[in-house]
Each structure stands twice: as structure tokens, then as C-alpha cells.
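Here's the structure, in C-alpha cells; my notes come after.
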Amino acid sequence: MIRLEGVCKSFDGVEVLRDVSFAVPARGTLGLVGAGGAGKSLILKLLCGLVRPDRGRVWLGETELGPLSERELMGVRGRIGMIFQNYALFDYLTVADNIGFPLARMQRPAAEIAARVQTRLDQVHLPDIGPRYPRELSGGMKKRVCLARATVHDPPIMLCDDPTAGLDPVTTNRIFRLLKDLQAQNDATAIIVSHETAYLRPICDAIALLDRGRLVFAGPTEAALQHPEVRAFMEAGVRPAQAR
Amino acid sequence: MSEPSTLGGLARELRAQIGDTIDVGRQAAWYLVRGRWDWPAIFAQAHEIGVRSVFFVIVCLGFLGAIINLQAGFQATRIIGDASLIGQQAMPLVVRLLGPTLTGMMVATRVGTGIAAEIGSMVVTEQVDALRMNRAPPAEYLVKPRLVACMVMVPALTTIGITAAFFAGMLVAAVGFGTNPGTYADFDVVVGLDLIEGMVKAAAYGVAIPIIAATAGLRARGGSEGVGEATTQAVVAASLAVIVLDFLISGAVFFLR
Ligand SMILES: Nc1ncnc2c1ncn2[C@@H]1O[C@H](COP(=O)(O)OP(=O)(O)O)[C@@H](O)[C@H]1O
Ligand SMILES: [Mg+2]
């Protein structure tokens with residue numbers, strides 16, 4: 001289970017999140033939508049403890065993140081797979097070493113790492129790019145490598161920040177299916193930030209709409225689609241804003 | 001903006017920077033004792049920091065040794081008409097002051113900028129966040145290899161630099177003033193304490209420079225602009241630290257003598 005309660009966050013006196021509360025039940029999937037700059041990426045970072053809230057509380061399962069030290073948070077983060085909006089691939093490592101990184105830090109045997117890395121590369125339909133470097137890849141390819149790295153250790157919590165940005169419709173479809181499969185395989189709880197509202201609707205149990213740091217609505221998908229603002233957003237009322 | 005608030009802001013900024021540096025230093029110390037030893041990364045850093053600075057250090061310190069002996073030689077021949085003791089006059093200064101501090105300055109600029117730029121660009125591209133997601137604390141994964149490399153390499157470079165200054169000085173003394181190399185190289189004059197002082201300084205710089213530069217990198221915000229700012233901050237702070245440490249250690253040794 002993932003839960004935020006009354007979370008507020010400001011940067012340099014500018015309030016970026018105001019009193020945000022929602023919960024995702026275990027094995028649930030939440031679609032987090034909103035225009036660019038609404039605070040979606042920031043919420044995902046708060047959930048991993050990469051950023052600490054000014055006020056409010058954050059739970060992952062039974063663990064409240066607030067009182068944990070950075071060293072204790074390291075352990076908690078091992079349960080999370082995070083697909084970063086801007087890839088955040090290690091530019092000095094090959095694609096294979098990037099994907100294997102979480103396992104290498106867990107000191108798994110090299111043969112196991114190599115096998116798991118290749119499985120993920122095949123699943124994201126990039127079987128041959130292991131020896132290449134991130135700078136040689138297109139945006140869509142980097143996104144898929146990031147997905148592979150985020151899920152290589154089968155995390156029970158998946159945080160996906162715009163996982164299909166820069167992908168063609170066919171690959172987009174595949175990636176959403178892959179995310180769903182991995183989630184089912186690991187009994188994972190997921191939050192997916194995306195502007196692909198048509199793809200989100202069938203795979204999410206719940207939708208949350210964020211508008212300039214405030215939660216407009218969070219609830220089951222059917223109820224969300226009755227809500228006028230969510231509905232307007234989901235039915236392409238709002239043009240997907242440029243990702244920030 | 002009024003003057004006091006600018007000064008207040010500056011003071012707050014400085015305090016935050018010092019606080020962060022101490023924090024990074026403490027974490028690095030913790031991982032130095034308890035953390036993993038990533039030998040490939042340590043060797044890569046040692047190569048980057050040490051091997052690639054060695055030419056720079058030899059040339060600079062070599063010229064420095066030549067210049068000092070030239071100056072000392074001119075003075076000695078003019079005043080007492082005898083330049084046989086110039087090595088014994090110049091070398092203690094090189095060993096305990098100019099050797100380590102000049103090497104420290106060179107490492108602060110050349111290596112400090114490198115560390116700050118590398119880590120800073122990893123921060124602004126969220127690679128540091130990705131490290132923190134994967135049980136790779138920046139203090140262990142990024143700072144520790146650089147710290148270990150500098151702790152070994154700065155004293156090593158200092159030793160090499162002093163040696164270069166010594167031989168360049170010997171050459172100048174012999175060719176310029178006819179000083180007997182045997183007399184020039186009378187090591188008894190360089191007392192043990194000078195050598196210890198020089199090496200303590202080099203070791204202190206080897207700890208301070210990577211911590212300060214890494215902290216500047218970790219504090220980078222924004223885009224490439226932020227990385228540039230972090231780099232400048234690293235050079236300024238690391239050079240300042242070298243001078244201040246030089247003063248403090250010199251002072252301490254003075255009272256010990
Ligand atoms: N580390 C940060 N420092 C300063 N401002 C930030 C930081 N992270 C996010 N913000 C600000 O918070 C707001 C929300 O950002 P973000 O979560 O990236 O939006 P979204 O992902 O919904 O497009 C933006 O105005 C952004 O400038
Ligand atoms: Mg975003």
C-alpha cells in the first residue's frame with residue numbers, strides 16, 4: 001500500500017504541493033494525471049524519500065518514511081522500481097551495466113545479472129543494445145532501458161513517470177502491457193504518470209488528477225470518469241502539456 | 001536588495017555550504033570505515049587524479065625549485081660571496097611550505113573542478129537520484145573513491161614535486177653558482193619535523209579537497225548553469241581550504257617546536 005497524508009512542499013517560498021492526500025491499495029494501479037508542472041514527478045520523488053515533504057506524511061506499506069534516515073531509506077528504496085521522467089541513466093555505464101546496476105549493488109552473481117538483463121532487454125524489444133552507451137540511444141530507447149533498470153530486481157512497488165514518452169503507438173501499447181505483466185508477476189503496487197489517457201483508463205483501478213499542486217480528485221476509475229474535470233482531462237479535453 | 005540582507009544571505013549561504021561539507025565529510029568517513037571498497041573505481045580515480053597531474057606538478061615544482069635557488073643564490077653571492085649553502089637554505093621552505101601547498105593548489109584547481117563538474121552533472125541529470133534509489137549512497141559510491149585516491153595521491157604528488165624542485169634547484173645551484181651537489185644535498189639540514197609538517201599538510205589537503213569539491217557538486221541545482229556554478233564554488237572553496245589549513249598546520253608546528 002502507498003499512502004500520502006496532507007503532504008505540502010515548497011521550493012524557495014513557492015508552494016508546489018498543497019495538502020495532497022491519497023492512497024493506493026496493495027496490488028492496485030493508480031493513474032496520476034495532470035498538466036505539466038502540476039507536481040506529478042515530485043509526488044513520485046516524495047514516495048521514494050528522494051525529497052522530504054515540508055508537512056504531511058508518506059507511507060510505503062507499513063513503513064512511514066518521515067522518521068527514517070537516508071541510510072534507512074536506502075533499504076526501503078530497494079522495494080521500489082522508479083522509471084525517471086528524464087531517464088537518469090548512468091552515462092558512464094553501458095546499457096547492460098545500467099540495467100544490471102540494482103542487482104550489482106545487491107551483490108548478485110554476475111551470471112544471474114547477465115541473464116536477467118538480457119531478459120529485460122528482450123522484453124523491451126531492444127535485444128542487441130547491451131554493449132552500447134545511453135548517449136547513442138534515442139529518447140524512446142532510453143525510456144525503455146530505464147524501464148528495464150527499474151524493474152530488473154522485480155520490485156513490489158513500481159513508480160512510472162511517463163513510461164511511454166517519445167514512443168510510437170505500437171511500442172506504447174507493448175510497454176503498457178509489459179508494465180501490467182510485470183506488475184501481475186510481482187504482485188506489485190503501481191503508480192503510472194502518463195498523458196496517454198486512452199491507455200491508462202483500462203489498466204488503472206484508480207485515477208488521481210493534480211492541478212498546480214492540488215489534488216482535484218482521487219478515486220476509482222469509474223467514479224473518476226464521472227467527475228467533470230477528470231473526465232474533461234481524460235477525454236483529451238486538455239492537450240497533453242509538454243513534459244517538464 | 002539592501003546591503004544587510006545581501007550580507008545576511010551570503011552568510012546563510014556560506015553556513016549552509018560549510019554545514020553540507022561537514023555532513024558529506026562525516027558520511028564519507030562512515031563509509032570509509034564501514035562501506036565497500038570499489039577498487040576499480042578507486043584505481044580509476046587515482047589514475048585520473050594522480051597520474052594525469054604528475055607532469056603538471058613536476059614542471060611547476062621544478063621551476064619553483066629553480067627559481068628559489070636562483071633567488072637564494074643571487075642573495076648569497078652578493079651578501080656573503082658564497083653560494084654553497086643555498087640548497088640548505090631553500091629546501092626546508094620547499095619541503096614544509098611550498099611543495100605541499102603549491103601541489104595542493106594545483107590539485108584544488110585541476111582535480112577539484114573535475115570532481116565538482118562530474119558529480120554536479122550527475123546531480124542535475126538525476127543520476128544521483130538513481131544512485132540513491134539503488135543502494136549506492138553518493139558518499140560511498142562517488143565520494144569515497146575520490147577521497148581515497150586523493151588521500152594517497154596528494155602526498156605522492158607532493159613527494160614527487162619536492163623531488164623535482166630539489167633536482168632542478170641542484171642543477172641551478174651547480175650551473176649558476178658552482179655549488180657542489182654534495183653540499184647542496186646535505187639532507188641533515190632538512191630536519192625530520194619539516195618533512196613531517198610537509199606530509200601532514202599534503203594529507204590534510206588530500207582529505208579536504210575531494211570532500212569540498214564533491215560537496216559543491218552535490219549542491220548543484222538547475223541545469224548546466226548550476227554545474228558551472230558548482231565548479232567555480234569548488235575551486236574557490238578548495239583553494240581557500242588549502243591556504244587556511246596551511247596556516248593552521250604551520251601554526252601548530254610552530255608551537256610544537
Ligand atoms: N527540486 C526542485 N527544486 C525546485 N523546484 C522544483 C523541484 N522539483 C520540482 N519543482 C517545481 O515543482 C513543480 C512541479 O514539478 P514536477 O513535479 O516536475 O511537475 P510535473 O511532473 O507534474 O510536470 C514545478 O513548478 C517545478 O518547477
Ligand atoms: Mg514530470
Side-chain angles (χ1 to χ4, degrees), chain A residues 11-12 41-42 44-52 65 68-93 97-108 113 134-135 142 145-147 149-153 155 157-159 161 244, chain B residues 5 9 12-13 16 20 23-24 26-41 44-45 47-48 114-115 117-146 217-224 226-227:
Chain A
F11 288 105
D12 304 319
S41 299
L42 187 57
L44 298 192
K45 287 190 181 172
L46 284 161
L47 288 172
C48 326
L50 289 174
V51 175
R52 289 185 187 264
L65 302 189
L68 301 185
S69 70
E70 174 72 13
R71 213 170 290 137
E72 290 166 325
L73 282 171
M74 291 283 169
V76 174
R77 294 190 193 119
R79 289 162 38 206
I80 307 174
M82 169 82 146
I83 300 177
F84 285 88
Q85 181 168 15
N86 303 310
Y87 329 117
L89 296 174
F90 304 119
D91 49 25
Y92 54 93
L93 294 180
D97 287 343
N98 262 284
I99 299 175
F101 191 84
L103 299 173
R105 291 299 296 182
M106 295 173 189
Q107 297 176 307
R108 300 283 181 78
I113 295 178
R135 62 174 169 276
K142 282 193 254 196
V145 172
C146 189
L147 186 158
R149 180 180 69 183
T151 58
V152 72
H153 54 306
I157 294 170
M158 292 160 62
L159 304 177
D161 202 343
R244 323 185 22 150
Chain B
S5 79
R12 256 198 311 281
E13 177 61 26
D20 284 356
D23 190 41
V24 170
R26 225 181 8 220
Q27 287 180 50
W30 196 88
Y31 286 112
L32 202 59
V33 180
R34 316 274 300 265
R36 299 182 201 182
W37 289 83
D38 184 353
W39 290 109
Q45 289 300 328
H47 183 263
E48 174 66 31
I115 291 176
E118 228 174 350
I119 295 183
S121 64
M122 287 185 72
V123 168
V124 301
T125 55
E126 296 181 325
Q127 290 178 62
V128 168
D129 284 341
L131 289 175
R132 292 166 67 200
M133 288 305 297
N134 290 299
R135 294 170 206 244
E140 178 184 43
Y141 184 84
L142 296 175
V143 182
K144 182 175 173 178
R146 287 162 175 82
L218 289 170
R219 285 167 56 85
R221 292 292 172 267
S224 40
V227 179

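Numbers restart at 1 for each chain; the letters A, B, ... are given by sequence-line order, proteins then strands.
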Is Leu131(B) close to Phe101(A) at the side-chain level, that is, under 4.5 Å between some pair of heavy atoms? yes
Would you say Arg221(B) and Phe11(A) make side-chain contact, with heavy atoms under 4.5 Å? no
Hey, which of Arg105(A), Met82(A), Met106(A), Arg149(A) has the most heavy atom pairs under 4.5 Å with chain B? Arg105(A)
For the OH atom of Tyr141(B) and the CZ atom of Phe90(A), what is their distance to the nearest 0.5 Å? 6.5 Å
For the atom pair CE (Met74(A)) and CD (Glu140(B)), what is the distance rounded to the nearest 0.5 Å? 8.5 Å
With a 4.5 angstrom heavy-atom cut-off, could you sort out which part of Ala104(A) is near chain B: side chain, backbone, both or neither? backbone
What part of Leu89(A) gets closer than 4.5 Å to chain B, counting heavy atoms only: side chain, backbone, both or neither? backbone
Looking at CG of Leu50(A) and CE of Met133(B), how far apart are the two atoms once the value is rounded to the nearest 0.5 Å? 5.5 Å
Which distance, rounded to the nearest 0.5 Å, do you find between the CZ of Arg77(A) and the CG of Asn134(B)? 10.0 Å
Closest approach of Ala130(B) to Ala88(A) (non-hydrogen atoms, all atoms of both residues): CB-O, 3.6 Å
Among residues 27-38 of chain B, which ones touch chain A with a heavy-atom distance under 4.5 Å? Trp30(B), Tyr31(B), Arg36(B)
When rounded to the nearest 0.5 angstrom, what distance separates CG in Asp129(B) from CG in Asn86(A)? 10.5 Å
Closest approach of Arg135(B) and Gly78(A), non-hydrogen atoms and distance? NH2-CA, 3.6 Å
Give, for atom CD of Glu126(B) and atom OG of Ser41(A), the distance between the pair rounded to the nearest 0.5 Å. 7.5 Å
Select, from Glu70(A), Lys45(A), Arg71(A), the one with the greatest count of heavy-atom pairs under 4.5 Å involving chain B. Arg71(A)
